[in-house]
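Right, one structure below, let's go through it.
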Amino acid sequence: MKWQSRHLLGLEGVSAEEIRLILDTAGSFKEILERPIKKVPALRGITVANLFFEPSTRTRFSFELAEKRMSADSVSFSTATSSVKKGETLKDTVKNIEAMRVDMVVIRHSAAGAPHFLARCVDAAVINAGDGAHEHPTQALLDMMTLREKYGSLEGLRVVIVGDIAHSRVARSNIWGLRTMGASVIVCGPKTLLPLDVEQLGVDVSVNLDEALEGADVINVLRLQLERQTQGLLPSMREYNREYGITLQRLAGAKESLTIMHPGPINRGVEITPQVADGPYSVILDQVLNGVAVRMAVLFLLSGGEPKLT
Amino acid sequence: MSRKKSLWIRSGRVLDPGNDLDQIADVLIRDGKIASIGRVKKPPVGAEIYDARDKLVVPGLIDMHVHLREPGREDEETILTGARAAAAGGFVAVACMPNTSPPIDNQETVRFIRHKAEEAPVRVYPIGAITRGRRGEALTEVAELVAAGIVAISDDGDTVKNSAIFRHALEYASMFEIPVISHCEDPDLRGMGVMNEGFVSTVLGMKGMPAIAEQVAVARDIGIAEFTGARLHIAHVSTAGTVELIRMAKSRGVRVTAEVTAHHLVLTDEAVRSFDSNTKMNPPLRDEVDRQALRDGLADGTIDCVASDHAPHSQEEKEVEFDAAPFGIVGLETSLGLVLTELVGGGVLTLPQVLAKMSLNPARILGIPGGMIRQGNVADLTIIDPDLRWTVDRRAFQSKSKNTPFDGWELTGCAVATIVGGQIVYRREENET
């Protein structure tokens, strides 16, 4: 099949075939990353703008590296403040950048729907690198790539997503992608961090971590932001750690093949102990490498590239 | 004073539920008043003639909840442009909310608005603030405001959080027989929400405004109204739970009335999936269960009025990411069309019910003239073509602001003429011969 969509705004509504196409393409690009000369001319002449309206190290580096490996020309812009506070609207910012003949825009923004808004305003292809608590499709794709490498298929895997589901774009994109690919998903966290009607997304919901972990193949541990405590959603970090922290003791009865994932950055000692993060089940650094490959694939497919590489 | 030209409205279906009137008749207007209803054999010399065949001639529509933005945000709307939008929407009168800058919390601002309204094509009734500066702390000088011409008090946009102050506001307002219009929303429960909290907000990852934020405040306000015996009007009801609270209160005899907007009757939070900031308003679009309950509540009389909550915002402010956009949409020029298309067309309301909800009831609640077609009354009338198919085109709006989610919608039925004090202040072009 050939890639059809103009943008990658989220995984909601993306078909299993399309996800497979991205993951297959990413698989062939990953091989490039292992070469001594890690560069192909696939995106020569294509200009990509990385617009990060929210602080990010890992995702921005990952996109920038992916662009360089593909020989795209890229410019990056990073700010901690939203466009509105700066006095220039998001639309104006991007219109300006587009006027410089940019072909693709990668955007990270604190407002849900900001990439969708952009996609309506500009002609460039838009890639969502995380919009508020809405979606983070490339993260879910790299998570799925990592799992597919290990298990061969996602079909029937039991994936537990633990933590702050309400505020997590990683959780949402993972739920869409994993459900589409036939995995079963359990979301687990304190009631105050579970969004309303989340079960309607086709997931099981649990507030008891030990119960949720029974028979789990994969635990995707979400980062817990410290501000959840000041917002009154949690009594203390200490209590969160006791109830929902992933520790080696908790994993005593786990499958030998268990996989621990984390989208980063890790709050060591809050949602996960260092022993687990750095332990045998962890694939956290594989995720990071696969992130580059997945982003190369997405950039390539959105640029109109044919999936089969020579 | 020069005599106004007479107006002879020929052969329309004169429909006035308040007067039990439904007949094909001529309406003759002289000196701005209704001179006769029935067969006019010989019109006065020089009378202007309006051919109303196949049209409805109804009591002038009244929108009891609009934001005209003047003083303060004249770039978004003025009293004049807002009144023109009202006329184009079939309204002969509007009541304007006090969240202007400065707010309508003093006599001078009331006078300013009434002075500006002299130039306006429709009647403009100011609503005063409940508290000074709308800060929720100290009552405004209500007696003075009433003397200057306000018809109600409201801190619309915000809830009066302090229950004691709200109680005193109800008690104090009751001395003047004016209603207190309450924007019911617990600010803590609403938090930083930008849309209804429910499945759609979960999918979109947006911060939710839960239904309970409205219902907690409604329950409190009804409780205080019941305790004080004063009149309470609940603005823009949006949830099924609120409808039930009002229904129960009315059955106990609490003096509570309520309004709902056309957009809450027509749209649900599914519309927010577009990320179009013109689907962002407060209260937010709710879910299908709520929408149905609002329709039921309107039909069974729990909800008394349809109001637009006309809230103009500039394009610059609205054309941003959803989170950053202000709440509110314009409604004066779409309200009637939506009600006729969706509610009358959908079998929810009869035409007489629509007129009660959009003319008689608001007039009664605010204690203002209008709502009926009766000989000797001031001739405030709306002429409606119930069959006219038209397309909403926001570029053609009289309002200065274009923030509507209904652009491009095909509707059936709209006002073709608006008559205030016997003068045709708006005439739809297709109707001209």
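Order of the sequence lines fixes the chain letters, A, B, ..., with proteins taken first and strands second; residue numbering starts at 1 for each chain.
Neither the backbone nor the side chain of A/Arg169 comes within less than 4.5 Å of any heavy atom in chain B. For A/Gln231, no part lies under 4.5 angstrom from a heavy atom of chain B. Interface remark: B/Val194 contributes no atoms to any contact with chain A (heavy atom separation under 4.5 Å).
Residues A/Leu201 and B/Val203 meet the side-chain proximity criterion, which asks for heavy atoms closer than 4.5 Å. When side chains are defined from C-beta on, A/Glu12 counts as touching B/Arg273, because their heavy atoms get closer than 4.5 Å. Within the 4.5 Å cutoff, no side-chain heavy atoms of A/Val198 are placed close to those of B/Phe199.
One finds the CZ atom of A/Arg120 at 5.5 Å from the CG atom of B/Asp276 (value rounded to the nearest 0.5 Å). Going from atom OG1 of B/Thr202 over to atom CZ of A/Arg172 covers 6.0 Å, rounded to the nearest 0.5 Å. Of the inter-residue distances, the one linking B/Glu321 atom CD with A/Asp131 atom CG reads 11.0 Å to the nearest 0.5 angstrom.
The 12-atom threshold is exceeded at CD of A/Glu227, counting heavy atoms of other residues, nucleotides or ligands nearer than 6.0 Å.
Summarising the geometry of A/Ala112 relative to B/Gly205, their closest heavy-atom pair is CB-O, 4.5 Å, with the distance given to 0.1 Å.
Evaluation of the ring pair (Phe, Tyr, Trp, His ring centres under 6.0 Å) test over residues 266-292 of chain B, restricted to residues two or more places apart or in two chains, returns A/His116-B/Phe275, A/His134-B/Phe275. Within the structure, every pair that satisfies the side chain to side chain donor-acceptor pair (under 3.5 Å) test and touches residues 205-224 of chain B, not counting sequence neighbours, is listed here: B/Ser163-B/Arg220, B/Ser182-B/Asp221, B/Glu214-B/Ser238, B/Glu214-B/Thr242, B/Gln215-B/Thr239.
Contacts from residues 186-196 of chain A to chain B, taken as heavy-atom pairs separated by less than 4.5 Å, involve A/Pro195, A/Leu196 in sequence order.
The side-chain hydrogen bond (donor to acceptor under 3.5 Å, both in side chains) search around B/Asp323 returns none, not counting sequence neighbours.
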